[in-house]
Amino acid sequence: MVLSSVLGFPRIGVNREVKKAVEAYWGGKISADELTKVSAEVKKYNWTNVKAKGVDLVPSGEFSLYDHVLDHSASFNVIPKRYLGHGLSALDIYFAMGRGRQADGVDVPACEMKKWFDSNYHFVVPELSDETDFKLNFNKAVEEYNEAKALGIETRPVVLGPVSYLVLGKPAREAKPGFQPISLLPKLLPVYKQLLAELKAAGATSVQIDEPILVLDTAAYLEKQYATAYSELVPVAPKIVLTTYFGRLDSNLTFVAKLPVAGLHIDLDRAPAQLNATLAAVKPTSLVLSLGVVSGRNIWKTDFQAAIKLGQKAIDTLGSDRVIIATSSSLLHTPVTLSSENKLTAEQKDWFSFALEKASEVAVIASVLSGSQDAQVTALLEQNKKSIAARRAFETNSNDAVRKRVAAITPEMLNRKSPFAVRLEVQKKHLDLPKFPTTTIGSFPQTKEIRTTRAKLGKGEISQAEYDKFIEKEIETVVRFQEKVGLDLLVHGEPERNDMVQYFGEQLDGFVFTQNGWVQSYGSRYVRPPIIVSDVSRPFPMTVRWSSYAQSVTKKPMKGMLTGPVTILNWSFPRADVSREIQAKQLALALRDEVNDLEKAGISAIQVDEPAIREGLPLRRSDWDTYLTWAVDSFRLATAGVTDTLQTHSHFCYSDFGDIFPSIQRLDADVISIEASKSDMKLLQTFKEYGYSNEIGPGVYDIHSPRVPGEQEIKDRIAAMLEILPDHLLFINPDCGLKTRGWKETEASLANLVAAARWARQQF
Ligand code: GLN
Ligand code: ZN
């Protein structure tokens, strides 16, 4: 019989209960016990509903109040010293590591967060050194396994594997130079042995051990570590299903297939082509193969026929007892359930599958493959056939004008009229900015008033005209403030935007929006990505009205503000029937029209933000060039249609460009702004080494904290930057937008920034 399995379920609650409870706990409004009660309810909902959909292997242990990697660190006693000795409870230490703590005389920043592979989820990075004193503080896997069992539900616990856990970590501050976290494997394995032995004793028959780093190039160097780890763990553990996702095993398959584990899970959503090689490799072994045929990363309904074909192929080679039908990865990256959506049309709703619906999909596919003649299964199979056919029919309804435009993109459309050196001179004259021009990254404080006024418009309590008037007033306030404080290149402040991607998605054709399609980004921060469903085009200008209004109330130059094509794509659920490249180019053409319209409206600088360009980087090095080519081309397509006098800007929230440096240069933005206040100046050094030639504004202070940077501090930063960067190319700005800040600190910080820039003009 073919079993079905779900690798992990969203842990936010069907109505974001976990966010609400966690934030209430942080605010001192509920107790730890009440928080535990909410968690228990959410876990119960997940287990009972996944089970009710007919799934055989229901996951447990992957629930989290903040982040699952942080859960492992807390459980393994990987707790940096700075969080200890303040008299905090274990739970408060846990949250302090996740988000920092500034209360009652305790002032500790959060641990570093990193993107979870190529997703928009962030994990808390473990800090490791030779002093790390691993021990099992608590056994979350056993606790949750028992919790589910008490509800009458047998689950398969999920644990992050020891090799991935260490490789995802970083050297702690006290680590010796050259220290490598993986060197701690022998010290960590006893803890895993204890964890898994306790799980076995509790009655778990199998365990899902995630080793996602197996889809990275780096895993090729870890063959020995994998062999050691799993030969030690297998004898004491329940049956291990070694789980990989988000990519392909490639050459790592050779050693993975030899590990003494009971099963292997591969991602056939992201890497369907790896099925043949995997079948060949596991055939002579006794491994059970878990096929990730239901995507854990997108929201599209699975094509049952296609999935069944893959499953049948595996059965033909291995026999049905050695095949599991599964989600490709945890469903953490999808919203909880489609049944919360009331505004999608019936046609649209029929295209999608969220986490709960995906749980049903694995169960149905597995039943069919097991030869089920059940009438309900047959009906669901028929229904799926119809849904898929309807979606395919919709997909053939392309917007021919858009398709033709993409096909007609010429190399000239990607190039500015003149090279940067020429543009620099023209723009200096046209914009008439002083040396070391000051500017900001776009948004100004999104006050409560702005948010409630937008909510009122949504509820129909005020008219569109009233709302627009309100936004104009906000823009004028922001402009007057910038004039008063003495900034040089102004912005309108983005008060009209609910979100930098959603705002554009709502105005473009080709997107749909959910009401409750929340996905965890990090901790209690959830996002609701728009969904691209068809060819993208721009029916009307999107920002021209606001930028022109802002320009009309000042004589200083106004910078238009757009989100770039790659960022809109990466922070949306893309369509599955058309490549990401085509979708990025369609977005780029829509933005190109917007950029050109802004120029026509008298705007002389335009910033196109691309903070997500790096996170879209493929996991395998060999795929980078293809991605970077179309990603950079898309940015150029969006921005190159203007005359030489128009100054293009781009913004990134980071500065460790490392290997993608040539691509940043190839964007050919006249000015880029990057984060540089948290990371040391070493990163600017890289810019120098690579010979970056265009203008650059390394952030002079960190906007992520309410702290006001002193004038002297900013002067010192500018002086340090000028040791590295040529003075005729330097812009002075904060390191990101100000939307999450209050007005008070914004005013004080920007006054100091302007004063420091004025000083620099005298000094250098
Ligand atoms: N222009 C945007 C802002 O200032 C940029 C946001 C971002 O970099 N994530 O808010
Ligand atoms: Zn930013």
Side-chain angles (χ1 to χ4, degrees), residues 113 115 120 122 438-447 450-451 454 471 474-475 478-479 481-482 487 489-505 521-522 525 527 529-530 542-543 546-547 550 558-572 591 594-595 598 603 605-616 635 638-639 647-657 664 667 669 671-679 683 696-705 731-743 745-746 749-750 753:
M113 249 178 356
K115 293 257 171 198
N120 192 19
H122 304 66
T438 54
T439 190
T440 60
I441 307 306
S443 57
F444 267 73
Q446 278 260 343
T447 57
I450 298 180
R451 276 176 283 132
R454 184 173 309 123
I471 295 293
E474 285 297 317
I475 290 176
V478 167
V479 171
F481 165 71
Q482 295 172 90
L487 285 154
L489 179 57
L490 309 194
V491 297
H492 76 288
E494 306 179 21
E496 77 287 9
R497 301 191 188 173
N498 41 12
D499 171 89
M500 65 185 285
V501 170
Q502 190 180 344
Y503 179 75
F504 291 95
S521 172
Y522 61 87
R525 194 177 147 73
V527 294
M542 303 180 283
T543 63
W546 303 122
S547 288
M558 179 61 53
K559 180 164 67 167
M561 196 59 58
L562 305 171
T563 302
V566 184
T567 298
I568 296 183
L569 176 68
N570 275 332
W571 289 353
S572 301
L591 288 161
E594 185 73 12
V595 167
L598 282 167
I603 302 296
I606 300 173
Q607 179 174 310
V608 178
D609 293 325
E610 283 290 24
I613 206 163
R614 202 187 54 177
E615 82 184 41
F635 178 87
T639 53
Q647 184 173 64
T648 57
H649 289 235
S650 190
H651 166 71
F652 313 94
C653 303
Y654 48 87
S655 52
D656 47 338
F657 294 102
I664 299 302
L667 293 172
V671 187
I672 60 170
S673 57
I674 60 174
E675 179 277 321
S677 59
K678 276 174 290 165
S679 44
L683 298 164
I696 176 167
V700 294
Y701 77 90
D702 176 17
I703 62 90
H704 299 92
S705 138
F731 263 70
I732 295 179
N733 46 258
D735 68 1
C736 198
L738 300 161
K739 59 180 167 253
T740 55
R741 291 275 62 84
W743 264 107
E745 69 255 22
T746 298
S749 305
L750 291 177
L753 178 147

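Counting starts at 1 for both ligands and their atoms, in listed order.
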Distance (rounded to the nearest 0.5 Å) between Ser650 OG and Leu562 CG: 10.5 Å
Minimum side-chain heavy-atom gap Leu738-Leu750 below 4.5 Å: yes
Per-atom contacts, ligand 1 versus Cys736 - under 4.0 Å to a heavy atom: 7 (C), 8 (O)
Backbone or side-chain N or O of Ile441 under 3.5 Å from ligand 1 N or O: yes
Minimum non-hydrogen distance to atom 1 (N) of ligand 1, winning option of Thr740, Val491, Asp609: Asp609
Over-ring placement of Arg614 relative to Phe652, 6.0 Å and 45° cut-offs: no
Exam field: side chain Gln446 to backbone Arg497, donor-acceptor pair closer than 3.5 Å: yes
Crowding at OH, Tyr522 (>12 non-hydrogen neighbours, <6.0 Å): no
Ligand-residue contact atoms, ligand 1 with Lys739, heavy atoms, under 4.0 Å: 3 (C), 6 (C), 10 (O)
Within-4.5 Å side-chain heavy-atom neighbours: Pro529 and Val501: no
Close-contact set for ligand 1 against Met561 heavy atoms, below 4.0 Å: 1 (N)
N/O/S atom name from His651 that is nearest to the position of the Zn ion (ligand 2): NE2
Inter-residue atom distance Thr563.OG1 - Phe504.CZ, 0.5 Å rounding: 4.5 Å
Heavy-atom pair of closest approach, residues Thr439 and Leu487: N-CD2, 4.1 Å
Side chain, backbone, both or neither: Cys653 near ligand 1, heavy atoms under 4.0 Å: side chain
Atom indices of ligand 1 within 4.0 angstrom of Gly737 heavy atoms, with elements: 3 (C), 4 (O), 10 (O)
Those atoms of ligand 1 less than 4.0 Å from some heavy atom in Gly442: 4 (O)
Heavy-atom nearest neighbour in the protein, as seen from atom 3 (C) of ligand 1, with distance rounded to 0.1 Å: Ser443 OG, 3.3 Å
Shortest reach to atom 9 (N) of ligand 1 by a heavy atom, considering only Met500, Lys559, His651: Met500
